[in-house]
Amino acid sequence: MKWGYKIGTSANIPVPVYLEISLYCHALITGSSGSGKSYALIFLIGALLQDDSTVDVYFCDFKNSEDFAFLEGYPHYYAGDDCYEGVMAYYDSFCAARKERKKGRRNVLIFDEYPAFINYLSGIDKREKTKKANDVLSMIAEILMLGRGIGYGIWIVTQRADASLFANGARDNFMVILGLGRVSKEQKGMIFAGEEIPDRVFTRGEGMLLADGCEIKEIRIPRIRNMYDWKKQIRLLLIKNRNAE
């Protein structure tokens, strides 16, 4: 799967960065507001489906963003309050696959604005004496630790990747970390601990990518020439996959 292009290559020749999705199924995508996370996510979903057109994608869009409105009507698209249902559905599918002890086609849960969702659930828990936030943290942690072997991955998109969002040290199970735009010194220490980070200012859609077993890279998310067609193709492939079940 293509994650972007290296920055600063000799002769300015675009060099793509490829990672095998079966080995790098969990990804943490972080960056401040305006860093290009939503644009990058749209590109990466398309790149994922180009690599494996049969992958079953669950998409949780807590912000209910206009950027992902093209997914409305897709059965595994969950927005706003429905994101809790989306996590539960993905976790149930994961548990069924573990019980059967067999690996089917690849599955990915993509969650945009995950911290805001956890904060929202925490507020509900305080008012209603429930424990939905802890339940979600535990389910996400379990999938991060056990999902790779049976083809279940998670992509978390967030402005900050605080350890409190990932129970029992589950943040260490992300095989890919993509930090877009300006990343604070504190965030660098959390997500790129021990790495030499170049002292430069990244523009929108640029950043650092760290994958297990690889050197950290400066990358750029490529321009999508026709966003309408790109989104249309994503939607067609996702719905085709659902109808094939």
Side-chain angles (χ1 to χ4, degrees), residues 1-7 14-63 65-71 74 76-78 86 90 105-114 143-144 147-148 151-159 161 174-181 183 191 202-212 214 216-238 241:
M1 173 186 159
K2 185 191 294 182
W3 281 81
Y5 291 92
K6 291 182 183 179
I7 295 175
V15 176
V17 176
Y18 288 103
L19 295 171
E20 174 57 51
I21 189 63
S22 63
L23 300 176
Y24 299 92
C25 61
H26 301 321
L28 179 62
I29 302 169
T30 183
S32 59
S33 179
S35 61
K37 294 192 300 298
S38 294
Y39 185 92
L41 191 53
I42 293 170
F43 167 77
L44 291 171
I45 295 171
L48 171 67
L49 290 165
Q50 288 174 0
D51 184 74
D52 181 359
S53 62
T54 68
V55 65
D56 199 0
V57 175
Y58 290 63
F59 194 96
C60 290
D61 175 20
F62 183 63
K63 189 169 60 176
S65 170
E66 183 64 29
D67 292 320
F68 304 107
F70 71 99
L71 293 175
Y74 168 57
H76 283 168
Y77 172 72
Y78 304 89
Y90 192 71
R105 69 183 189 181
R106 187 159 303 284
N107 300 264
V108 178
L109 169 64
I110 302 173
F111 206 120
D112 195 21
E113 296 295 338
Y114 181 66
I143 298 169
L144 284 171
R148 174 182 168 182
Y152 279 75
I154 291 180
W155 293 3
I156 295 293
V157 185
T158 173
Q159 291 189 29
F174 286 107
M175 297 97 171
V176 182
I177 298 175
L178 175 61
L180 291 170
V183 179
I191 62 176
F202 291 107
T203 60
R204 181 182 176 89
E206 296 180 344
M208 305 298 302
L209 184 141
L210 178 63
D212 286 354
C214 304
I216 194 167
K217 298 176 178 63
E218 299 177 55
I219 73 162
R220 175 184 297 111
I221 302 299
R223 176 173 171 264
I224 299 172
R225 296 185 180 278
N226 188 320
M227 182 62 78
Y228 175 80
D229 284 349
W230 189 267
K231 290 181 175 180
K232 180 180 178 181
Q233 187 65 17
I234 288 173
R235 181 181 173 83
L236 286 173
L237 286 172
L238 291 177
N241 290 344

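Along the sequence shown, residues are numbered consecutively beginning with 1.
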Student: Would W3 and L44 count as a side chain to side chain contact (heavy atoms under 4.5 Å, CB included) if you check the C-alpha gap in whole Å, the side-chain angles of each, and the deciding distance to 0.1 Å?
Tutor: CA-CA 7 Å; W3 281 81; L44 291 171; 3.7 Å; yes
Student: Hey, what's the ring geometry for Y58 with H76, parallel, tilted or perpendicular (30° and 60° as the breaks)?
Tutor: parallel
Student: To the closest 0.5 Å, what do you measure between NZ (K37) and OG (S32)?
Tutor: 6.5 Å
Student: With a 4.5 Å cut-off on side-chain heavy atoms, are I110 and L41 touching?
Tutor: yes
Student: Compare all side-chain heavy atoms of I234 with those of V57 and state whether any distance is below 4.5 angstrom.
Tutor: no
Student: Kindly indicate whether the side chain of Q233, heavy atoms from C-beta on, has any atom under 4.5 Å from the side chain of Q50.
Tutor: no
Student: Give the minimum heavy-atom separation between R235 and Y74, together with the two atoms involved.
Tutor: NH1-N, 4.1 Å
Student: Would you mind reporting whether F43 and K2 have side-chain heavy atoms less than 4.5 Å apart?
Tutor: yes
Student: Which atoms form the tightest heavy-atom contact between L28 and F174, and what is the distance?
Tutor: N-CD2, 3.6 Å
Student: Which pair of heavy atoms, one from G4 and one from P222, lies closest together, and at what distance?
Tutor: CA-CD, 4.0 Å
Student: Check for a donor-acceptor pair, side chain of D56 on one end and backbone N or O of T54 on the other, with a separation under 3.5 Å.
Tutor: no
Student: Go through the steps to decide whether I191 and T30 satisfy the test side chain to side chain contact (heavy atoms under 4.5 Å, CB included), and finish with yes or no.
Tutor: CA-CA 9 Å; I191 62 176; T30 183; 3.4 Å; yes
Student: Any side-chain heavy atom of I224 sitting closer than 4.5 Å to one from D229?
Tutor: no
Student: Could you walk me through whether I177 and I216 pass the side chain to side chain contact (heavy atoms under 4.5 Å, CB included) test, one step at a time?
Tutor: CA-CA 10 Å; I177 298 175; I216 194 167; over 6 Å; no
Student: Nearest 0.5 Å please: distance from the OG1 atom of T203 over to the CD1 atom of I7.
Tutor: 7.0 Å
Student: Just verifying a value: how many Å separate D67 CG and M227 CE, rounded to the nearest 0.5 Å?
Tutor: 8.0 Å
Student: Check F59 against L71 and note the closest heavy-atom contact, atom names and distance.
Tutor: CG-CD1, 4.0 Å
Student: Kindly indicate whether the side chain of L23, heavy atoms from C-beta on, has any atom under 4.5 Å from the side chain of R148.
Tutor: yes
Student: Got V108 and C25 here, is their nearest side-chain heavy-atom distance under 4.5 Å?
Tutor: no
Student: I need the F70 CZ to K232 NZ distance, nearest 0.5 Å.
Tutor: 13.5 Å
Student: Could you check Y90, W155, F62, Y78 and say which one makes a side chain to side chain contact (heavy atoms under 4.5 Å, CB included) with F111?
Tutor: F62
Student: Indicate yes or no: at least one non-hydrogen side-chain atom of M1 is less than 4.5 angstrom from one of L19.
Tutor: no
Student: Rounded to the nearest 0.5 Å, what separates atom OG in S38 from atom CG in L180?
Tutor: 10.5 Å
Student: How many angstroms lie between atom NZ of K217 and atom CG of L178, to the nearest 0.5 angstrom?
Tutor: 12.5 Å
Student: Donor-acceptor pair, distance only, cut-off 3.5 Å: does the side chain of H26 make one with the backbone of I154?
Tutor: yes
Student: For the ring pair Y77 and F68, is the centre-to-centre distance below 6.0 Å?
Tutor: no
Student: Write down the atom of A47, the atom of W230, and the distance for their closest heavy-atom approach.
Tutor: N-CZ2, 4.0 Å
Student: Is it true that, when you exclude E20 itself, more than 12 heavy atoms of the residues, nucleotides or ligands shown sit nearer than 6.0 Å to its CD?
Tutor: yes
